[in-house]
Amino acid sequence: MITTTPTICILGCGTMGKAILTGILNDVNEAIKNNYSIPNTASFKPRKFIACVSGDESAQKVINLFGELVTVVAGQNVKGVEEADVVLLCTKPQIAKTILTEDGMAEALENKLIISILAGVSLSQLKEWVPTSTKVIRAMPNTPCMIQEGMTVISCPANTNVDDKTFTMWVFSTLGRVRVLDEKHLDAVTGLSGSGPAFACVVLESLADGGVMMGLPREVALELAAQALQGAARMVLKTGKHPAEIKDNVTTPAGCTIAGLLTMEDGKIRSTLARTVQEATTVASTLGKVQANK
């Protein structure tokens, strides 16, 4: 069970690590300024943040972004982990085993919670690389977490205690939506939610290109396309309606929408997008196996 005022170490504080720090700090910033006296803040109130980075250039970027709110440690992962109660593992999947098994790391991780956001690296693999006393949880966030519009799915071992699970959910709730699923679904989550923003941007860009082709200025076409996708997505999330119902409400007989929809169907857009997620999921499932064979 973790303390309610934990020290958090971001092990590998790159793009996603900085996004997570931003979300947490935004959520507790007022409480920090007021000695945690403001009501309605999270029950977990981190007292210190440590960012572990590889070199001085990366360190300076974190310092420029967070200033004195975050202690930055360059090239000294063990030192950063030693001081922490909770470790957020945000390295590249390919180097996770090397980092977690370096000299001194096992001792530093004793009796601590490690939350991994690494695609394709399973709970069983992580448990092999850390001491038996170390608690492990997996999380799969996506890049919109950078603007607190993210989607994160977490997976916990059966023996995870309530406080560790609650803390993990709180961390990622500062970045957007959170859902808990069995680990068997995480490769599909990676293929859909993790890679999905990239796929959506291709659709967005294509819609904007159509607007440009029909005479709209590029910046106007991008704004219209982006807002159309955002609006449609929010309608699904807020109303709970099936996308097909929303589509049908826009589609009038002999109108322009049905003409466009039939053109999309001619291009097999449904199967293409579904197969896109399928392929991304297949690749996600292989990401951790590279290390497993080392």
**Report entry** Verify same cluster id: Val130, Leu118 (apolar side-chain graph, 4.5 Å)
**Finding:** yes
Query raised in the report: Got Val121 and Leu287 here, is their nearest side-chain heavy-atom distance under 4.5 Å?
Result: no
Requested in this report: Flag yes if more than 12 heavy atoms outside Asp248 fall under 6.0 Å of its CG atom; otherwise flag no.
Outcome: yes
Requested in this report: Evaluate side chain to side chain contact (heavy atoms under 4.5 Å, CB included) for Leu126 paired with Leu100, printing each intermediate quantity in order.
Outcome: CA-CA 9 Å; Leu126 292 166; Leu100 292 177; 4.1 Å; yes
Query raised in the report: Are any side-chain N or O atoms of Thr152 and backbone N or O atoms of Phe172, one a donor and one an acceptor, separated by less than 3.5 Å?
Result: no
Identify every side-chain donor-acceptor pair in residues 266-278 under 3.5 Å, counting partners at least two apart or on other chains, and give the distances.
from: Arg270; atom 1: NE; to: Glu265; atom 2: OE2; distance (Å): 2.7
from: Arg270; atom 1: NH2; to: Glu265; atom 2: OE2; distance (Å): 3.4
from: Ser271; atom 1: OG; to: Lys268; atom 2: O; distance (Å): 3.2
from: Thr272; atom 1: OG1; to: Lys268; atom 2: O; distance (Å): 2.8
from: Arg275; atom 1: NH1; to: Gln278; atom 2: OE1; distance (Å): 2.9
from: Thr276; atom 1: OG1; to: Thr272; atom 2: O; distance (Å): 2.7

Query raised in the report: Step by step, would you call Lys97 with Glu128 a salt bridge (Lys or Arg N to Asp or Glu O under 4.0 Å)?
Result: CA-CA 9 Å; Lys97 181 179 180 181; Glu128 288 180 4; over 6 Å; no
Query raised in the report: Ile50 and Gly80: which non-hydrogen atoms are nearest, and at how many Å?
Result: CD1-O, 3.6 Å
**Report entry** side chain to side chain contact (heavy atoms under 4.5 Å, CB included) between Val171 and Ile20, worked out
**Finding:** CA-CA 8 Å; Val171 166; Ile20 293 170; 3.9 Å; yes
Query - Min side-chain heavy-atom separation Leu11-Asn77 under 4.5 Å - result: yes
Requested in this report: Give a yes or no on this: more than 12 heavy atoms of other residues, nucleotides or ligands lie within 6.0 Å of atom CE of Met169.
Outcome: yes
Report task. Answer yes or no: is there a donor N or O on one side and an acceptor on the other, between the side chain of Arg138 and the main chain of Pro157, under 3.5 Å? Result -> no
Query raised in the report: Is there side-chain contact between Leu21 and Lys18, with at least one heavy-atom pair below 4.5 Å?
Result: no
Report task. Considering non-hydrogen atoms only, spot the tightest contact between Leu175 and Ala19 and give its length. Result -> CD2-O, 3.3 Å
Query raised in the report: So, does Ser58 use its side chain to make a donor-acceptor pair with the main chain of Gly55 at under 3.5 Å?
Result: no
Query raised in the report: Just by distance, with hydrogens left out, do Glu110 and Ser133 show a side-chain donor and acceptor under 3.5 Å apart?
Result: yes
**Report entry** Nearest heavy atoms of Lys165 and Cys156, plus distance in Å
**Finding:** CG-SG, 4.0 Å
Requested in this report: Indicate whether the side chain of Gln60 and that of Asn64 have a donor and an acceptor atom separated by less than 3.5 Å.
Outcome: yes
Report task. Determine whether Leu25 and Phe49 make a side-chain contact, defined as any pair of heavy atoms from C-beta on separated by less than 4.5 Å. Result -> yes
Report task. Taking the side chain as every heavy atom from C-beta outward, state whether Cys90 and Cys13 have any pair of such atoms under 4.5 Å apart. Result -> no
Query raised in the report: What pair of heavy atoms forms the shortest contact from Leu109 to Pro131, and how long is it?
Result: CB-CD, 4.0 Å
Query raised in the report: Can you check whether Met151's main-chain N or O pairs, donor with acceptor, with Asn142's side chain at less than 3.5 Å?
Result: yes
Query raised in the report: Run the side chain to side chain contact (heavy atoms under 4.5 Å, CB included) check on Phe167 and Ile8 step by step: do they pass?
Result: CA-CA 11 Å; Phe167 176 80; Ile8 300 177; 3.6 Å; yes
**Report entry** Validation row: Leu113, Val87 side chains within 4.5 angstrom (heavy atoms)
**Finding:** no
Report task. Indicate yes or no: at least one non-hydrogen side-chain atom of Met105 is less than 4.5 angstrom from one of Val81. Result -> yes
Query raised in the report: Short question: side chain of Ser193, backbone of Thr190 - any donor-acceptor pair under 3.5 Å?
Result: no
Requested in this report: Search all heavy atoms of Ala139 against all heavy atoms of Ile115 and return the closest pair with its distance.
Outcome: CB-CG2, 4.2 Å
Query raised in the report: Hey, is the main chain of Glu183 close enough, under 3.5 Å, to the side chain of Ser155 for a donor-acceptor pair?
Result: yes
Distance-only check: which donor-acceptor pairs under 3.5 Å involve side-chain atoms of residues 215-235, not counting sequence neighbours?
from: Arg218; atom 1: NH1; to: Asp209; atom 2: OD1; distance (Å): 2.6
from: Arg218; atom 1: NH2; to: Asp209; atom 2: OD1; distance (Å): 3.1
from: Gln227; atom 1: OE1; to: Gln230; atom 2: NE2; distance (Å): 3.2
from: Arg234; atom 1: NH2; to: Glu149; atom 2: OE2; distance (Å): 2.9

Query raised in the report: Is a side-chain donor or acceptor of Ser195 paired with a backbone partner of Leu192 at a separation under 3.5 angstrom?
Result: no
Query - Side-chain heavy atoms of Thr252 within contact of Ile258, under 4.5 Å - result: no
Requested in this report: Test Asp85 against every option in Lys112, Arg47, Lys135 by the salt bridge (charged side-chain N to carboxylate O under 4.0 Å, His left out) rule and name the one that passes.
Outcome: Arg47
Requested in this report: Would you check if the side chain of Thr166 reaches a backbone N or O of Asp163 as a donor-acceptor pair within less than 3.5 Å?
Outcome: no
